[in-house]
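So that the names make sense, note that chain A is the first sequence line, chain B the second, and so on, each numbered from 1.
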Protein chains: 2
Amino acid sequence: MAETILVLEDDPAMQSFLGTLLKTQQHQVHSFSEGIAALQHLVQQPVDLILLDLGLADMDGQLWLAQLRSWCDTPVIVISARHREQDKVQALDNGANDYVTKPFSAAELLARVRANLRHNTPQQQAFSFGNIRLDPVLRQVSRAGAEVHLTKTEYDILLLLMRHADKVLTHNQILTQVWGKTYTDRPEYVRVHMAQLRQKLEDTPAAPVYLKTEPGVGYRLKMT
Amino acid sequence: MAETILVLEDDPAMQSFLGTLLKTQQHQVHSFSEGIAALQHLVQQPVDLILLDLGLADMDGQLWLAQLRSWCDTPVIVISARHREQDKVQALDNGANDYVTKPFSAAELLARVRANLRHNTPQQQAFSFGNIRLDPVLRQVSRAGAEVHLTKTEYDILLLLMRHADKVLTHNQILTQVWGKTYTDRPEYVRVHMAQLRQKLEDTPAAPVYLKTEPGVGYRLKMT
DNA sequence: GCAATCTTTATAAAATCTTTATAATCAGCC
DNA sequence: GGCTGATTATAAAGATTTTATAAAGATTGC
């Protein structure tokens with residue numbers, strides 16, 4: 001958390017409400033009532049998200065948004081009392097990322113704030129255990145920050161173990177998922193590749209911390 | 001335009017309506033009624049945006065979304081008849097980028113589609129990695145400042161790799177995007193053209209730094 | 001027809017997987 | 001505890017698959 005959010009809203013009650021709401025989520029909030037002041041601040045200090053009320057006193061919110069978008073691509077959530085379709089379309093086409101109409105639910109607004117912070121900071125949904133990280137989007141594994149090259153089979157096994165973290169997977173389950181149903185009588189395949197994975201991922205392959213053996217049953221990835 | 005949009009919606013009337021609506025904007029639309037089929041398609045061929053109806057017959061839309069997000073970060077707009085706050089919050093926290101409730105205005109939906117396409121495909125004026133630069137507007141590639149001539153096929157492959165920087169693209173994905181769906185059994189096409197690209201772009205084509213092979217899987221453009 | 005490009009093909013090289021042998025470890029039993 | 005048979009770990013050789021590359025043939029557009 002601790003993302004910085006700029007609120008541009010000229011109704012004092014609403015400004016105060018938004019500030020309080022966002023601070024409950026540990027966000028740092030900068031509130032403004034006037035468009036010019038907000039722009040000046042943004043030039044000085046970038047923020048992670050902007051909440052914009054269209055009904056400003058000193059200038060038109062749509063114009064403000066259009067002007068902002070000429071140089072800044074920070075996500076903007078528009079908050080407005082205007083329910084008309086054409087207002088929404090105009091704001092979105094002016095570069096808004098989302099449009100919320102008053103009255104709105106606090107929980108929904110916070111969820112939309114989270115969503116917009118998330119997709120702008122494309123932090124991958126990565127699995128990690130210890131100093132090992134697996135990023136299924138990039139199909140990439142790293143150890144202590146350094147990329148580790150895994151073969152297709154090794155990667156498939158690790159992904160399978162991660163998707164069932166802390167559970168025991170039998171040889172047959174691994175063989176079926178990775179090699180296919182007809183390979184259930186080749187447990188040695190799993191052993192050889194598991195040894196390879198340990199060589200690449202464990203600090204002490206002979207005394208594995210993550211890739212544990214369950215004798216007589218199968219293997220388990222310990223996430224702790 | 002010409003972005004590809006996947007629609008997952010099990011009501012035939014709504015599916016048809018969405019398809020028609022999106023096609024008026026020159027989008028390429030792939031419609032599905034079942035979650036499994038849609039996932040299978042996405043693995044084969046990435047899209048630019050996903051419209052998801054939460055009320056699927058064969059599985060829970062929220063589960064589908066969570067599963068998708070474990071490996072895919074394509075923008076998702078949820079369309080739902082459920083107006084409850086907790087449904088919205090859950091969907092947004094599951095990784096949805098936007099949430100639209102039925103009944104919705106066509107113009108607003110299209111505006112939200114535009115907004116989500118725009119913000120997730122930042123209008124990079126030029127991609128670059130190392131001393132290589134690709135300008136999609138001029139359709140021009142240069143290396144260390146000097147223009148490099150690429151054939152149409154070479155350029156298409158490079159652009160595709162750049163749009164999915166650092167991700168692995170399978171042979172099938174490359175073949176489908178560049179040659180078409182009926183070429184998925186010709187991986188040698190990709191190999192030959194990839195070798196050409198390396199000759200033109202890499203300092204040491206035999207030991208590529210950018211255009212990496214992932215044996216058994218596909219190719220990856222390494223930007224980092 | 002010519003030049004550029006794409007497709008096809010053949011061969012060499014590289015990477016990975018499978019197989020095998022041996023050593024280590026484990027579980028049950030006396 | 002120590003023995004025994006079964007299971008597991010590991011390295012390394014062998015086999016197979018996958019990939020790189022050049023070059024010849026086919027196609028396309030001007």
Original post:
If each of A:Thr151 and A:Glu188 is mapped to the nucleotide of DNA chain C with the nearest heavy atom, which maps nearer the 5' terminus, i.e. the 5' end?
Top reply: A:Thr151

Original post:
Any salt bridge between B:Arg69 and B:Asp73, counting N to O under 4.0 Å?
Top reply: no

**OP:** Give the rounded distance in Å between these two atoms: OH of B:Tyr189 and P of D:dT18.
**Re:** 19 Å

Original post:
Parallel, tilted or perpendicular: which fits the ring planes of A:His171 and A:Tyr219, with parallel below 30° and perpendicular above 60°?
Top reply: perpendicular

Original post:
How long is the line joining CE of A:Met194 and P of D:dA11, in whole Å?
Top reply: 16 Å

Original post:
Can you check the A:Gln196 CD to D:dA12 P distance for me, whole Å?
Top reply: 11 Å

**OP:** Answer with base, sugar-phosphate or nothing: what part of the nucleic acid does A:Tyr183 contact at a heavy-atom distance below 4.0 Å?
**Re:** nothing

Subject >> Carboxylate-amine/guanidinium contact A:Arg139 A:Asp135, below 4.0 Å >> reply: no

**OP:** Check step by step if side-chain contact (heavy atoms from CB on, under 4.5 Å) holds for B:Ile77 and B:Tyr99.
**Re:** CA-CA 6 Å; B:Ile77 300 180; B:Tyr99 191 107; over 6 Å; no

Original post:
What nucleotide, of D:dA9, D:dA22, D:dT19, holds the atom closest to the side chain of B:Gln199?
Top reply: D:dA22

Subject >> Most 5' of A:Val192 and A:His149 on DNA chain C, judged by nearest nucleotide >> reply: A:His149

Subject >> Reported CG-to-CG distance for the pair B:Asp156 and B:Leu161, which is rounded to 0.5 angstrom >> reply: 11.0 Å

**OP:** Send over the distance from B:Arg198 CZ to D:dT19 P, rounded to a whole Å.
**Re:** 10 Å

Original post:
Would you call A:Asp166 and A:Lys212 a salt bridge, taking side-chain N to carboxylate O under 4.0 Å as the test?
Top reply: no

Original post:
5' to 3' on DNA chain C, which nucleotides open and close the contacts with chain B (atom under 4.0 Å from a heavy atom)?
Top reply: C:dT5 to C:dT16

**OP:** Classify the nucleic acid contact of A:Pro205 as base, sugar-phosphate or nothing, counting any heavy atom under 4.0 Å across all strands shown.
**Re:** sugar-phosphate

**OP:** Check the distance between D:dT7's P and A:Arg191's CZ and give it to me in whole angstrom.
**Re:** 8 Å

Original post:
Rounded to the Å, how far apart are B:Lys152 NZ and D:dC30 C1'?
Top reply: 18 Å

Original post:
Regarding A:Arg191 and A:Thr213, is there a side-chain donor-to-acceptor distance under 3.5 Å anywhere?
Top reply: no

Original post:
How many Å lie between CH2 on A:Trp179 and P on D:dT16, as a whole number?
Top reply: 18 Å

Original post:
Rounded to whole angstrom units, what separation is found between the CZ atom of B:Arg220 and the C1' atom of D:dT19?
Top reply: 17 Å

